[in-house]
Enquirer: 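Quick one: this structure, given as structure tokens, is what I'll be asking you about.
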Amino acid sequence: MDGYALPQSDVHQSFILCCRCGAHIPPNPAAMCEACVRAHIDITEGIPKQGNLYFCRNCERYLSPPVSWVKADLESRELLAICLKRVKGLNKVRLVDAGFVWTEPHSKRIKIKLTVQKEVFSGAILQQTFIVEYIVQNQMCPTCHRVEAKDTWNAVAQVRQKVKHKRTFYYLEQLIIKHQQHTQTVGIKTVPDGIDFYFAANRDAKKFVDFLNAVVPIKTKMSERLISHDIHTNAFNFKYTHSVELVPVCKDDLVCLPPATARYYGCISPLVLVTHVGGTIQVIDPFTLQRAEILNAMFWKDPFRSLMTQERLVEFTVLDMEVVKDAAGNPITAKKAALVDIVVARTRDLGVNDVQYSLRSHLGNFLQPGDDVLGYDLTVANINDEHANKLDPSKCPEIILVKKSYRGKRRAHRKRNWKLKFLAKDEDPGSKKEEDAAMRDLEQFMEEIEEDKEMRGTINIYRSDEQAAATETDGEEDDLKVRYDEMLDEFETMELDSGAGPDPADDDDHHLHAAGPAPDAPPAAAAAAA
């Protein structure tokens, strides 16, 4: 600017000499430059740079001081929290950042990098970064130690079902594996009418019973037995037993509802078919398509049993069928069921006699003339039930169709391209007759999986190493084929042993395969800041 110049104030910056190196620095309480402060003052003094971590190889858990054992993956937040707990002296500094330094997984070394701050002089805050190295040492946790000592369980869940087959337990076993409810068991043992699950703690047994109550209607009762008593500390040692009884009805069973239960569910017909047993018992009237879901409490309030089970199914052949329509001319349907008038004859009587049966069925969407269908023949049944004996015989049907039959469509030596996994159980050697019955039940369970797509969605099915030799192209056999996208890949890290079930081509290879604990999730990188 021409003319006048603005006055400039004289600003004098004062400097002092560093007491260590003599460098010119602005005045500060330490009278030292930044380099000398870092070189001569260590705020991490007193914080150990090495430590030990204790790892149980059996259950793959780390010791979290003082006595708890925690499941933690490599480079996870849980493992980082355990490492920080073992660092002494962090309460004297301010933790700014913490994270993992990569090490070889097999090196038994875990390194974490910590960034801390501390006020060294009045107004002067120093920040430093250092690495703490941990050596992973193997140590068996008390739970695994009791398991190896064969004196392990404090609670047992005795699961029982009063039926003549084991198909329910095969399905229940798959649900347990899918939801990883077997990981806390210390032993599993089969008994003639059920399975015993042993646990190291009563809380694990209670959690397991709650899971069973969520997937199947049950009745439970708990009892306890005093093992020891310390009169000085007033401590008691109990062993707990949870008695679990499953409902004695299964899918496709014919049941007769008590009068009070039938009235409660909209005056449904007493003779109904069980379509699903899960959290509730779902039934359907095959002559009107009326449905009902029987709650757990309602069943045990007035229990009933099966009149006829799958062992009593008879094969019929469809001769003719006609769709039943309402007053508006529309087919009568409910979900997947469709009402039809159908004419059937026993398959074994074809060419022998001309006995035919005209009846109404709910399988209109699944049958065509010429198909085979399974049903209950009440004309030759000897039923002894307090509720069924009170029914009017003139109103009882002769035949009740249950489901479509695929017996004629199955290949005699077809190998499955899928397999299941089973729990590792202690099985008492039974007679040859009992083993054959168990294998028949397993084969029927595998066939139900092939026929029921909804059931396949509730369990884990794995791809078999031995794929089917031939590709099924017949439209009827496609109903039995498990699609490739419904199967899971089997990883080598999995500890569950595979079991493909009984092979129709080789009856000598029938056996149950054992399975161990569920696999762990892959490790995820994590960093935590205090």
Side-chain angles (χ1 to χ4, degrees), residues 165 167-168 170-171 174 250-254 273-277 284 286 308-321 335-338 340 342-350 357 359 361-377 399-420 439-459 461 464 467-487 500-507 510:
H165 60 81
R167 295 192 302 274
T168 303
Y170 289 139
Y171 179 62
Q174 299 304 315
C250 302
K251 182 184 176 184
D252 297 333
D253 285 358
L254 176 65
L273 290 173
V274 179
T275 59
H276 179 73
V277 178
I284 185 174
M308 304 184 74
T309 60
Q310 290 192 23
E311 289 75 13
R312 304 285 297 276
L313 287 174
V314 180
E315 190 174 61
F316 297 87
T317 300
V318 179
L319 302 180
D320 191 15
M321 57 185 298
K335 294 185 178 180
K336 294 183 179 181
V340 293
I342 192 169
V343 179
V344 297
R346 294 191 188 93
T347 303
R348 67 173 181 266
D349 292 343
L350 293 178
Y357 299 94
L359 61 141
S361 175
H362 64 295
L363 301 176
N365 290 334
F366 303 95
L367 299 178
Q368 295 292 336
D371 289 344
D372 294 332
V373 61
L374 297 175
Y376 295 119
D377 189 355
I399 305 296
I400 298 180
L401 300 183
V402 179
K403 62 180 180 179
K404 185 177 180 180
S405 174
Y406 296 94
R407 187 180 61 86
K409 309 297 188 299
R410 297 182 186 274
R411 297 183 179 180
H413 301 285
R414 179 176 59 88
K415 288 188 176 181
R416 295 184 174 94
N417 61 344
W418 56 276
K419 58 185 177 182
L420 301 174
M439 298 318 302
R440 286 195 301 268
D441 293 338
L442 180 58
E443 175 61 24
Q444 291 181 8
F445 174 67
M446 306 287 266
E447 292 177 357
E448 288 182 6
I449 293 176
E450 293 175 332
E451 298 173 4
D452 194 342
K453 183 178 179 181
E454 295 181 358
M455 180 184 291
R456 296 198 295 267
T458 60
I459 62 177
I461 299 178
S464 176
Q467 299 293 335
T471 303
E472 299 175 0
T473 58
D474 187 13
E476 295 292 338
E477 290 187 349
D478 287 342
D479 296 338
L480 306 178
K481 186 176 181 180
V482 180
R483 298 197 311 271
Y484 193 75
D485 57 354
E486 295 180 290
M487 309 178 199
D503 188 357
D506 188 3
D507 293 338
H510 291 180

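All values below come from the heavy atoms of this structure, side chains included, with hydrogens, waters and symmetry mates left out. From a predicted model like this one, the values you see are computed outputs, not experimental measurements.
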Enquirer: Could you tell me which non-hydrogen atom of Gly370 sits nearest to which non-hydrogen atom of Thr317, and how far apart they are?
Expert: O-CG2, 4.4 Å
Enquirer: Nearest 0.5 Å please: distance from the CZ atom of Arg440 over to the NE2 atom of His165.
Expert: 13.0 Å
Enquirer: Is any side-chain heavy atom of Val340 less than 4.5 Å from a side-chain heavy atom of Leu367?
Expert: no
Enquirer: Could you report the tightest heavy-atom contact between Ile342 and Ser361, atom names first, then the distance?
Expert: CG2-CB, 4.2 Å
Enquirer: Drop me the distance from Leu313's CG to Asp253's CG, to the nearest 0.5 angstrom.
Expert: 9.0 Å
Enquirer: Measure the spacing between NZ of Lys404 and CG of Leu374 and express it to the nearest 0.5 Å.
Expert: 11.5 Å
Enquirer: Distance check, rounded to the nearest 0.5 Å: Arg312 atom CZ versus Leu254 atom CG?
Expert: 10.0 Å
Enquirer: Mind checking what makes side chain to side chain contact (heavy atoms under 4.5 Å, CB included) contact with Thr275, not counting sequence neighbours?
Expert: Gln282, Ile284, Arg291
Enquirer: Kindly indicate whether the side chain of Leu273, heavy atoms from C-beta on, has any atom under 4.5 Å from the side chain of Tyr376.
Expert: yes
Enquirer: Using the test side chain to side chain contact (heavy atoms under 4.5 Å, CB included), find all partners of Ile459 that sit at least two apart in sequence or belong to another chain.
Expert: Tyr171, Gln174, Leu175, Leu420, Ile449, Ile461
Enquirer: Just to verify, what does Asp377 make a salt bridge (charged side-chain N to carboxylate O under 4.0 Å, His left out) with, not counting sequence neighbours?
Expert: Arg346
Enquirer: Look up atom OG1 in Thr458 and atom CE in Met455, then write down how far apart they are to the nearest 0.5 Å.
Expert: 6.5 Å
Enquirer: Are Val402 and Gln310 packed together at the side-chain level, in the sense that at least one heavy-atom pair is separated by less than 4.5 angstrom?
Expert: no
Enquirer: Would you please name every residue forming a side chain to side chain donor-acceptor pair (under 3.5 Å) with Gln444, sequence neighbours left out?
Expert: Arg167
Enquirer: Mind checking salt bridge (charged side-chain N to carboxylate O under 4.0 Å, His left out) for Lys453 and listing every partner two or more places apart, or none if nothing turns up?
Expert: none
Enquirer: Mind checking whether Tyr170 and Phe445 have parallel, tilted or perpendicular rings, split at 30° and 60°?
Expert: tilted
Enquirer: Could I get the full list of salt bridge (charged side-chain N to carboxylate O under 4.0 Å, His left out) partners for Asp441, not counting sequence neighbours?
Expert: none
Enquirer: Under the side chain to side chain donor-acceptor pair (under 3.5 Å) rule, collect the residues that match up with Glu454, sequence neighbours excluded.
Expert: Lys336
Enquirer: By side chain to side chain donor-acceptor pair (under 3.5 Å), which residues pair with Asp320, not counting sequence neighbours?
Expert: none
Enquirer: Output the distance between atom OG (Ser405) and atom CD (Glu451), rounded to the nearest 0.5 Å.
Expert: 8.0 Å
Enquirer: Suppose we screen for side chain to side chain donor-acceptor pair (under 3.5 Å). Which residues come up paired with Lys251, at least two apart in sequence or across chains?
Expert: Asp452
Enquirer: Would you name the heavy atoms of Val344 and Val318 that are closest together and state the gap between them?
Expert: CG1-CA, 4.2 Å
Enquirer: If you look at every heavy atom in Ile400 and Pro286, which pair is closest and at what distance?
Expert: CG2-CG, 4.0 Å
Enquirer: Does Glu450 reach the side chain of Trp418, with side-chain heavy atoms less than 4.5 Å apart?
Expert: yes
